[in-house]
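Below is one structure; the comments refer to it alone.
Numbering of ligands and ligand atoms starts at 1, following listing order.
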Amino acid sequence: MSGDRMQQHNSALPVVDLVRIGASAGRAVDATCPSSLAWKARPRSRSARRFPDEHWDGFVLRPVMDAVDRVEFDGVTAEQAIAEIRSQGGRRHPGVTGYAEHAARMYLESHQRGEAGMRPVRELWVSQRLTRSVVWELYAWGRRYESVDGRLREFRFLRQGDALADGRDEATAIAIAAYVAAFGNPAVWPNPWSEPFHPSGRTGTERVRVVSVGLADGVVKPLFEGTAADVEDYFAEHGRSQVGEIAAGRDVVPGFGCADCKRVAVCDGPVRTPGLLGLDDSQGPLRTVSVSGLRYYLRCPAQAYLRSVHLPRAYEYSGEAELGQAVHAWLEEAHEAGPDGCRSRPLPPLGSGWSAGTWQVTGDLADAGVRMLAQHAEVCPFREAPEIENVRVEPRLTVFDTTARAIVLAKPDLVYQEAGQWVWRELKSTQKATRFFTDPLRQFPQLALGVVILSAGALGPGGAGRVELEILRPTGAEIVLIDARDDERVDTARTVLRELAAPWRADRTFEARPSNNCQWCPVSRWCPSYPGPHVEGKDHDSRAKPATAFEQ
Ligand code: SF4
Ligand code: SF4
């Protein structure tokens, strides 16, 4: 795309290729796959996936948008539109309905507080540019408003959680949204999606405002405001070359997006490992799962589902859990600096709080953490280990169990090769003085996943070595070893995973299972089956489960 302003499509011209980039493609999402974005930007490229849909619609903002449409374009009251979310049902999990009602109310209340004299715009704003054989299109999904005289346009991103909590770099997304508001024409969704937009009506405006609205808290966060000339400058800095990079993306970064990607059936990014979860053939939808997700499912299927569609969660970390996260983060930072980083990095001083990554600890917990870090040096895998190579600290691993139709995500604390064999290490921190488990594979299913991944050779060339459990206590450190070449250990690991994964894989509706766990459930505020606090003083803002040993 050149620096020329984008133009309107002439429907008389043949369209050889169509490149369509939405503002959401410009959000810097962790582990976003450039190749996936580039394929998504080509509506005419055929999807290479053939999987059935989920029972529930996972697009949780759909009912919110429908309700706001009803108010803004059909003239119904806010209360009526919100009541329709529940009465019209549809393919929606009851917890998503609870969230959608809240989100629609938050949005409509925030809108009431907004500037008077702005009218809603139903059509998208679309910028098109023609080259000899390609139609380029930019658009932004969200809510649109303009002043009655048409000289001001406002675009609103909708955020599922709190507006201010989202710290991601949004500059390219803002640039695209501002650009289409400043220079685009109104256009309806093309039907089919593989056809170009047919923009018409007034082109552009004089001033543009871009905001995001947090649907959990109703807070409106200003993102950009300026003239059309300001938009040009902003787009030149944050949008133009980035749009080109999105369209040309080739790198393959497997991860959370694989299950929804057009290319998943043919892409070799996720490592294919049929039978990893030990399940029979599934004909169900392709799903993403992690060991944490399976543990959430064990607690309550509804909780697992509502987490998986990213509904806002209450804070869920106890002090012990925060300590474990801080210890992990400190060691991760140290090992990323080099194999002897944990020995060369000064320990935080006793008697004062300390932080690592985004985690902070204070008081007695901070001192306990310092003592744990000091114990790590004794069991650090890099201590006097000349044969260690291919060290990866907290790698994001993506494995495709084609039998179970599951994209399995894992993030071990450390993997490395020792004398050519792969070792998988997990770290646990506890203040309990002694072990209380009999079989680590059953106590910590992520160890079972490590065993089967090593056994399947999914980490690449090199033999299966061992899985290590490093236990750090303020008073000492311990290493538990599991041989990934031991048939009995591999069989047990498969059994552990199968027992966890089979009910999850077979489930379609993810019904609520109220229990004592509800008092610590971080998505209980959306759940119609939430029985209320069992413990005096518990409410929706306090979901931190009391610490058990080995929280991390
Ligand atoms: S399947 Fe995964 S790795 Fe491959 S292109 Fe899609 S998102 Fe990227
Ligand atoms: S409140 Fe209870 S029943 Fe509802 S999702 Fe949470 S754990 Fe499940």
So the salt bridge (Lys or Arg N to Asp or Glu O under 4.0 Å) pairs with at least one residue in residues 441-456 (sequence neighbours excluded) are Arg442-Glu499
Measure from the ring center of Phe510 to the ring center of Trp504 and say whether it is less than 6.0 Å. no
Is there any salt bridge (Lys or Arg N to Asp or Glu O under 4.0 Å) pair reaching into residues 86-97, and which pairs are they, with sequence neighbours excluded? Arg86-Glu101
Parallel, tilted or perpendicular: which fits the ring planes of Phe197 and Tyr139, with parallel below 30° and perpendicular above 60°? tilted
Number of protein N/O/S atoms that sit closer than 2.8 Å to atom 6 (Fe) of ligand 2: 1
Take atom CG of Asp280 as the centre, draw a 6.0 Å sphere, and report whether it contains more than 12 heavy atoms from other residues, nucleotides or ligands. no
Evaluate the side-chain contact (heavy atoms from CB on, under 4.5 Å) criterion for residues Leu223 and Phe157: first the C-alpha distance (whole Å), next the side-chain angles of each, then the deciding distance (0.1 Å), finally the verdict. CA-CA 10 Å; Leu223 299 173; Phe157 289 107; 3.7 Å; yes
Between atom NE2 of His310 and atom OH of Tyr99, what is the distance when rounded to the nearest 0.5 Å? 12.0 Å
Check atom 6 (Fe) of ligand 1 and write out every protein N, O or S atom at under 2.8 Å, as residue and atom. Cys261 SG
Test item: Arg62 and Asp57 side chains (from C-beta on) under 4.5 Å apart, heavy atoms: yes
So, for Tyr179 and Trp136, is the gap between ring centers shorter than 6.0 Å? no
Is the distance between the ring centroids of Tyr305 and His55 under 6.0 Å? no
Need the ligand 2 atom indices (1-based, order shown) with element for anything under 4.0 Å from a heavy-atom of Arg513. 3 (S)
